[in-house]
**Q** 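What follows is a structure written as C-alpha cells; I'll ask about it next.
One-based numbering, in listed order, for ligands and for the atoms of each. Start at 1 with the first residue, then count along the sequence. In what follows, every heavy atom counts, from backbone to side chain, and hydrogens, waters and symmetry copies are set aside. This is a predicted model, so every value here is computed, not measured.
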Amino acid sequence: MKTDARPDTIVIALGGNAFQTKGDKGTAEEYWRNAYTAADLIVRLVEEKYGVVVTHGNGPQVGIIAEWMSLGLKNKNIPPMPLDVAGAMSQGWLGYMLQQALYNKLAEKKLLGSLVKGVVTVITQTLVDRNDPAFKDPTKYIGPWYEKDEAEKLSKELGWVFKPDPRGGYRRVVASPDPIGQVEIDAIKTLVEQGFIVIADGGGGIPVYRGDDGLLHGVEAVIDKDLGAERMASALEADVLLILTDVEKAYLNYGTPNAKPLDVLRVSEALKYYREGHFKPGSMGPKILAGVRFVQNGGKMAVIAHLKQAYDALKGNAGTRIIPD
Ligand code: ADP
Ligand code: MG
C-alpha cells in the first residue's frame, strides 16, 4: 500500500489496434468506433479511482500523414512538413478522437466534474540524443505496405528508405532513437494530480534534441511508443504501466508449435528471454524492454495484455506481468 494520499496512477499505452483493427480501411467512422471501444475500457479503470495517463502508438498514422503530404506536393506543389511535425499532427489527430470519446463516455456516466475534472491531450516533445546510433540505422516501420516496385519508385522520388516487412510487402522505415524524457512532464504530472485524464506522449513523443544553444529542435524520427511510455511512467512514479496490444500475452517461441504463453516474468527472466531473442524487435521486444525498465526504475508492475482484457490485466488476472526480482 502507498503511504501518501495520492491515488494510484496508471500509464496506459494503447497499441495500433486501439484505432485501426484488422480488416479496417481506416475510415473516420472506424477510427471513432475504435476510439469509443478503447474509451469504454479506460473509463472502467477510471471508475476504480485510478489516476490515468494514456499514450498511444502512431506508426500507421504518421506514415499516412507523410503520404498525404507527398500527394499534395505532387498535385498542387504544397511543400511537405518534416516528420516531427507529422508526429505532432498524429498526436492532435488521435488525441482529439480519444479525448472526445472519453469525454462523452464520462459525461454519459455522470463522472465528469465529479470523479474526473476533464480530459486533456498534451502535445508532447520527447528528448532524444542527437548522436543516438539509431539515426544511422532506420528500423521503425511507418505507413502503409507496398509492392517492391512501388517502394522502389517512391524511394527514388522522395528519398524514403524501404525495408521488407516481416508481415509481407515493403514499408518505409525511419530512425527510432531511445527516448530520454518528456519536456512537458511537469505539466502532465500537475494535470493528473489535479484530477484530469491526460493523453500524452502520443507516438512515443515528438522527437526533439537540445542543441548546443540549449534550445529544442525537432528531428526526423519516430520514437517507439512503449519506450516513451516507460519514460513517462517512471517520471510520474506511476504504480502500473499497462501495455495494451493485440495479443493476450508475451510468448516464448512465438509463432512456432512450441509457443508458450508467459503469465509472470521477474525482471531477470524477462531480460534473459529478451537476450535470447524471444521478443521480436519493433513489436514485442520494446514492450518487454519498457516493462523491465519501468520495474527497474521503481515501478511495481508492468503488464502486457490484449486491449479487451485491460481491466483483468490491471487486477493481475490476464496478460504477462513483469515484476521485480
Ligand atoms: P502494438 O501496435 O500494440 O504496439 P505491435 O505489432 O508492435 O503492436 O506488437 C504486437 C505484436 O507483437 C503481436 O501482434 C505479435 O505479432 C508480435 N510478437 C512478436 N514477438 C512476440 C512474442 N514473443 N509474443 C507475443 N507477440 C509477439
Ligand atoms: Mg508496436
**Q** Charged N to carboxylate O under 4.0 angstrom, Lys272 versus Glu276?
**A**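 Salt bridge present between Lys272 and Glu276.
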**Q** Going by the rule side chain to side chain contact (heavy atoms under 4.5 Å, CB included), which residues pair with Gln182 if we only count those two or more places apart in sequence or in a different chain?
**A** Thr124, Thr126, Ile185, Asp201, Arg231, Met232
**Q** Give me the pairs of N or O atoms, one from ligand 1 and one from the protein, that sit under 3.5 Å apart.
**A**
residue: ligand 1; atom: 2 (O); partner: Gly16; partner atom: N; Å: 2.7
residue: ligand 1; atom: 3 (O); partner: Thr245; partner atom: OG1; Å: 2.6
residue: ligand 1; atom: 3 (O); partner: Lys287; partner atom: NZ; Å: 3.4
residue: ligand 1; atom: 4 (O); partner: Lys225; partner atom: NZ; Å: 2.9
residue: ligand 1; atom: 4 (O); partner: Lys287; partner atom: NZ; Å: 2.5
residue: ligand 1; atom: 6 (O); partner: Arg167; partner atom: NH2; Å: 2.8
residue: ligand 1; atom: 8 (O); partner: Thr245; partner atom: OG1; Å: 3.4
residue: ligand 1; atom: 14 (O); partner: Asp246; partner atom: OD1; Å: 2.7
residue: ligand 1; atom: 14 (O); partner: Asp246; partner atom: OD2; Å: 3.4
residue: ligand 1; atom: 16 (O); partner: Tyr254; partner atom: OH; Å: 3.2
residue: ligand 1; atom: 23 (N); partner: Tyr251; partner atom: O; Å: 2.8
residue: ligand 1; atom: 23 (N); partner: His278; partner atom: O; Å: 2.9
residue: ligand 1; atom: 24 (N); partner: Tyr251; partner atom: N; Å: 2.9

**Q** State, to 0.1 Å, how close Ser90 and Gly87 come at their nearest heavy-atom pair, and which atoms those are.
**A**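 For Ser90 and Gly87, the tightest heavy-atom pair comes out as OG-O, 2.7 Å.
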**Q** Please list, chain by chain and in numerical order, all residues satisfying side chain to side chain contact (heavy atoms under 4.5 Å, CB included) with Lys225, sequence neighbours excluded.
**A** Ala13, Lys287
**Q** Quick one: list whatever passes side chain to side chain contact (heavy atoms under 4.5 Å, CB included) with Leu216, sequence neighbours left out.
**A** Gln125, Leu127, Val183, Val208, Arg210
**Q** How about Asp132 and Tyr209: does a side-chain donor come under 3.5 Å of a side-chain acceptor?
**A**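 Checked: Asp132/Tyr209 side chains show no N/O donor-acceptor pair below 3.5 Å.
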